[in-house]
Q: 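First the structure, which I've put down as structure tokens, then a few questions once you've had a look.
Protein chains get the first letters and strands the later ones, always in sequence-line order, with residue 1 at the start of each. Computed from heavy atoms alone, side chains included, the values below leave out hydrogens, waters and symmetry copies.
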Protein chains: 2
Amino acid sequence: MRPLFHPSIDDVTVEGILHALSDPVRASIYARLAGLDCAATCTALQQAGDRTIPKSSLSQHFRVLREAGLVRSERAGVEMHNTTRCAEIEQRFPGLIPAILNAHRVQAADALPSRTPGRRTATAVVRKKAKGR
Amino acid sequence: MRPLFHPSIDDVTVEGILHALSDPVRASIYARLAGLDCAATCTALQQAGDRTIPKSSLSQHFRVLREAGLVRSERAGVEMHNTTRCAEIEQRFPGLIPAILNAHRVQAADALPSRTPGRRTATAVVRKKAKGR
DNA sequence: TGCCGTAGTTCAAGATATACGAACTATGGA
DNA sequence: TCCATAGTTCGTATATCTTGAACTACGGCA
């Protein structure tokens, strides 16, 4: 089993962060982790919205978050303790993470009243509309 | 030729925006467009860093930006006039775009002094490091 | 009106990345 | 030593991205 890789804060890129958080599952995981004031195990964050993420996918998602520099994962006995690296990132890219988390909140608040279910990315929506090309 | 699709501002998603801007080429295009106070044609933005983007790729990139709700494209004679939809997005997701653009600036300023060339996403960097697994 | 040049789009196929079940590893008890 | 739990890695099916080649749309000019 490869040891977990955490990039130095100087190697963290905007592209990496945006890519990591452009996935609804990862964004949800990260938002919940950021809302906590303590570490969380992977399985504690296995529910995204209405569905349960398979273990293998969950592991990949955590790897992406970790390699983007967004979370720090440390083995603690049989489980894994995940924490955000908010403070470090705030120092390097001031305001970025709060703005993204806030935007996610706005969108979630927006979607609820009309019961719009599982909105996907703009691209996905368009693809669906334009299917019969 | 399909008419150009622009999502209503209410259909614009955070995921779509982050995904669109998580690509270095698109981020560069968008940043330069946002820095302008007038419309720009596609070819005017064809240089990204040191390389020239092929026309077909450029077209795809503009489609992604457009469908994410980030830019508005209007045909003007033989060419295309592209403008950002900053104001609309600022209203829906306050602070998001400025934070991202600022982060890109920080990163660019960071990379120059040490002449670090064409940094890729964190994932790509890691993949390279871990190639001989 | 027909023809040409320019700007951009669409198509197709190869490269690359993602999702997830099955098999595996690491750790802590009993 | 054996088992259960938490997570990782592998393999493969699927989706997305990149880009050259072919195409469309428009304007200008003879």
Q: Would you kindly give the CD-to-P distance between B:E74 and C:dG8, to the nearest whole Å?
A: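 The distance from CD of B:E74 to P of C:dG8 comes to 14 Å, rounded to the nearest Å.
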
Q: What salt bridge (Lys or Arg N to Asp or Glu O under 4.0 Å) pairs are there with at least one residue in residues 69-85 of chain A, not counting sequence neighbours?
A: A:R72-A:E88, A:R85-A:E88

Q: Side chains of A:R26 and A:H19, heavy atoms from C-beta outward: is any pair under 4.5 Å?
A: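 Yes, their side chains come closer than 4.5 Å.
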
Q: What residues form a side-chain hydrogen bond (donor to acceptor under 3.5 Å, both in side chains) with B:T84, not counting sequence neighbours?
A: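 B:T84 satisfies side-chain hydrogen bond (donor to acceptor under 3.5 Å, both in side chains) with no residue once adjacent residues are dropped.
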
Q: Measure all distances between protein nitrogen or oxygen atoms and nitrogen or oxygen atoms of nucleotides 19-27 of chain C, and list the pairs falling under 3.5 Å.
A:
unit_1: C:dC20; atom_1: OP2; unit_2: A:S57; atom_2: OG; d: 3.1
unit_1: C:dG21; atom_1: N7; unit_2: A:S56; atom_2: OG; d: 2.9
unit_1: C:dG21; atom_1: O6; unit_2: A:S56; atom_2: OG; d: 3.2

Q: To the nearest angstrom, how far is A:N82 atom CG from D:dT8 atom P?
A: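 From A:N82 CG to D:dT8 P: 8 Å.
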
Q: Between B:F5 (CZ) and C:dT10 (C1'), how many Å, whole number?
A: 18 Å

Q: Measure CZ/B:R63 against P/D:dT19 and give the value in whole Å, please.
A: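 After rounding, the gap between these two atoms is 15 Å.
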
Q: Write down the atom of B:N102, the atom of A:P94, and the distance for their closest heavy-atom approach.
A: ND2-O, 4.2 Å

Q: Can you tell me the distance, in whole Å, between the CE atom of B:M80 and the P atom of D:dC26?
A: 11 Å

Q: Taking only side-chain nitrogens and oxygens of B:H19, does any of them come within less than 4.0 Å of OP1 or OP2 of D:dC17?
A: yes

Q: My understanding is that only residues two or more places apart in sequence, or in another chain, count here; which of them pass side chain to side chain contact (heavy atoms under 4.5 Å, CB included) with B:T43?
A: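 With neighbours one apart ignored, the set is B:T41, B:Q46.
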
Q: Of all residues at least two apart in sequence or in a different chain, which pass the side chain to side chain contact (heavy atoms under 4.5 Å, CB included) check with A:A103?
A: B:V14, B:F93, B:L96

Q: Under 4.0 Å, heavy atoms only, any strand: does A:T43 hit a base, just the sugar-phosphate, or nothing?
A: sugar-phosphate

Q: In whole angstrom, give the distance that lies between atom CG of A:L4 and atom P of D:dA6.
A: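 Rounding to the nearest Å, CG of A:L4 and P of D:dA6 are 17 Å apart.
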
Q: Residues of residues 35-42 of chain A with any non-hydrogen atom less than 4.0 angstrom from an atom of DNA chain D: list those, numerically ordered, please.
A: A:T41, A:C42

Q: Return no unless some side-chain N or O of B:R66 is found under 4.0 Å from OP1 or OP2 of C:dT9.
A: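 B:R66 to C:dT9 OP1/OP2: side-chain N or O found under 4.0 Å.
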
Q: Please identify each residue that fulfils side-chain hydrogen bond (donor to acceptor under 3.5 Å, both in side chains) with A:T52, with sequence neighbours left out.
A: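 For A:T52, the residues satisfying side-chain hydrogen bond (donor to acceptor under 3.5 Å, both in side chains) (neighbours in sequence not counted) are A:Q47.
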
Q: Measure from CG on A:L65 to P on D:dT8 and round the result to the nearest Å.
A: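 Between P of D:dT8 and CG of A:L65: 12 Å.
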
Q: Just to verify, what does B:A39 make a side chain to side chain contact (heavy atoms under 4.5 Å, CB included) with, not counting sequence neighbours?
A: B:H81, B:T83

Q: Calculate the interatomic distance between B:F62 atom CZ and C:dT10 atom C1'; express it in whole Å.
A: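 One finds 17 Å between C1' of C:dT10 and CZ of B:F62, rounded.
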
Q: Can you name the side chain to side chain contact (heavy atoms under 4.5 Å, CB included) partners of B:V25, sequence neighbours left out?
A: B:D23, B:I29, B:A48, B:R51, B:I53, B:H61

